[in-house]
There are 2 protein chains.
Amino acid sequence: MLDKINEILPMLSPSEARVGRWILAHPKEAANATLARLARECETSEPTVLRFCRRVGLSGFRDLALRLTEALSNPVRYVHRDVGPDDSTPDAMLKVMDASIQSLIDMRAQLSSMPVEAAVEAMREARQIAFAGLGASGHVATDACHKFFRLGIPCTSLCDTPMILQFAAIAEPEDVLVLLSHTGRWPDFVRAARLARKRGATVIAITNPESDVAAEVNLLFPCQLIEDTSVYTPMSSRLAQLALLDAIHVALALARGETASDTLRRSKDALKSNFPDISTH
Amino acid sequence: MLDKINEILPMLSPSEARVGRWILAHPKEAANATLARLARECETSEPTVLRFCRRVGLSGFRDLALRLTEALSNPVRYVHRDVGPDDSTPDAMLKVMDASIQSLIDMRAQLSSMPVEAAVEAMREARQIAFAGLGASGHVATDACHKFFRLGIPCTSLCDTPMILQFAAIAEPEDVLVLLSHTGRWPDFVRAARLARKRGATVIAITNPESDVAAEVNLLFPCQLIEDTSVYTPMSSRLAQLALLDAIHVALALARGETASDTLRRSKDALKSNFPDISTH
DNA sequence: AAATTTTTTGTAGTTTTACTACATGCTCGA
DNA sequence: TCGAGCATGTAGTAAAACTACAAAAAATTT
């Protein structure tokens, strides 16, 4: 934010530049000041300050205060920036890492609003859990499957449409179907969700909350989708999904108590003795 | 700030608690909302929201918005804390997320000291790239394979020991072998690394820098291993590996220039038209 | 150099927003 | 059943953000 102001400072008119310089000089005061106060400090009028705000790409004065506190509280910012063909290699890699970190931070912030208790309740005594995902989400599904089965619950991963639909068609009330999708627009997922719910199974989705799939499930874990405007930008929401499943896995392990921790330890130990390297979650 | 709200939540009156819960559920929206909007969302009146603000020790609604954006931008140190059986579910999940976030932040910090240029150089005109991993690292290998092949370079993933050793035995000088391992103590990886190097291939490892494997490769991407003292703690270094591969992938795409960005765009478009959901990074 | 356009800036007014005083309603104990 | 005390909402106020418009200054043209 402050960088942005600095950047466009020379392109501003005298009065507007005065506003920018004062903000750069007193960012802390500026963040808490009122429009009138700021105008007075910069010896200009309120509309000029407003014009300044618009000029730096903000919606208004309120936005300025918000962005300013944000900039001040946070020395390192992991905001999402698109990678372009002209970026230097280290720069582009940092951008990619930042996008990944940010997607995890966003997910962490939303964690408390997610239906974890209900999901754990459904999974705890489930007859079986199926993780469904296509493409890259298929990897996530397989990964989750390998993780959850170690709690002693039968698990499958479904990585193609026929499998998913077939599972939905023969699902039973004690079954849990977890749908993994980025956009949530995949029509067969909607069909599968409807089918599985009709059969009494619990359907959980980790997907875009605005999507068709989201509307059809029992429990929704909203997963924000960062628009990948550039071909270089990878899908970092995949990492967020993995991390969320890690978290749910731990919640489920805690809910199952002794049983789970025993099972977990035993399966970890089984590997440790002979195969030091296979990671086991 | 959010923790503070969580803390005093039980001490609040029903309407005030509703406000608190909504804010915890939608922190981002709350930070940008107006007083009237917030009251409406919580199905209560404006003064109740104001009283809530005072109750959590703020001067007013304006303060709330400020503190909230502050909290969202970088409130917490995401240090690693072990999960224990006595943790509450939300607490345990936060710990898991924090561990994941921290491992990415650590990786980001080390990025500049990694042999990216050399790795990209080796991969750029490689005859083929093989990603090898066992257990959970196998997923990472498969994921990486699907990602890199889209740059137009032949790729394989090797997920069991015989495959890895066989590949090493027939490797050629233009080949690149990427070894993925958490501990790096797997003896067959050491053999494979030696074998492949003897055949003139470039061997890259993403692993624990203290390990045997690390000593045997051409290029090492150090990957810190968080000791998992508790059975509940999952391996968050897996996420760091994935993110690192994302970053290397982008670096490679940039290095290959037009060719890569064309290939990428074409493979993205191919999916977009018919299959809106398969993510394609 | 005068006139005209364009840009910059401020005045005055409107709408919106945060906040307050007060009244109603509700709960709970006697 | 009756108030005491608390929770909650209504209505109003002050102030803040924002807008329309016009004056002034600068730049451009004639």
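Below, chains carry the letters A, B, ... as their sequence lines are ordered, and counting in each starts from 1.
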Exercise. Stepwise, does the salt bridge (charged side-chain N to carboxylate O under 4.0 Å, His left out) test hold for A:Lys95 with A:Asp98?
Worked result: CA-CA 5 Å; A:Lys95 284 184 179 180; A:Asp98 284 352; over 6 Å; no
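Closest approach of B:Gly20 to B:Leu9, counting heavy atoms only: CA-CD1, 4.0 Å.
One interatomic measurement links the two molecules: CZ of A:Arg62 to P of C:dT17, which rounds to 7 Å at whole-angstrom precision. For A:Phe61 and C:dA18, the CZ to P distance is 13 Å, given to the nearest whole Å.
Among the candidates A:Arg191, A:Arg197, A:Arg194, the single residue satisfying the side chain to side chain donor-acceptor pair (under 3.5 Å) test with A:Glu216 is A:Arg194.
With a 6.0 Å radius and a threshold of 12 heavy atoms from other residues, nucleotides or ligands, B:Glu29 has its CD atom above the threshold.
When atom types are taken as modelled, the side chain of A:Arg238 and the backbone of A:Val140 share no donor-acceptor pair closer than 3.5 angstrom. Between the side chain of A:Arg127 and the backbone N or O of A:Glu174 there is no donor-acceptor pair closer than 3.5 Å. Within the 3.5 Å criterion, the main-chain N or O of A:Ser181 finds a donor-acceptor partner in the side chain of A:Thr207.
Between A:Phe148 and A:Phe131, the ring planes are tilted. Angles from 30° to 60° get that label.
In this structure, A:Leu177 CG and A:Phe189 CZ are separated by 8.5 Å, a value rounded to the nearest 0.5 Å. Taken to the nearest 0.5 Å, the CG atom of B:Leu244 stands 10.5 Å off from the OG atom of A:Ser100.
Non-hydrogen atoms lying under 4.0 Å from DNA chain D are contributed by A:Thr34, A:Leu35, all within residues 26-35 of chain A.
Nucleotides of DNA chain D that come within less than 4.0 Å of any heavy atom of chain B span, from the 5' end to the 3' end, D:dA7 to D:dT10.
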For this session: Treat primed atoms plus P, OP1 and OP2 as sugar-phosphate and everything else as base, then score nucleotides 7-14 of chain C 5' to 3': B for base contact with protein heavy atoms under 4.0 Å, S for sugar-phosphate contact only, - for none.
Result: -SBBB---
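Within the nucleic acid shown, B:Arg54 comes within 4.0 Å of sugar-phosphate atoms alone, with no base atom in reach, counting heavy atoms only.
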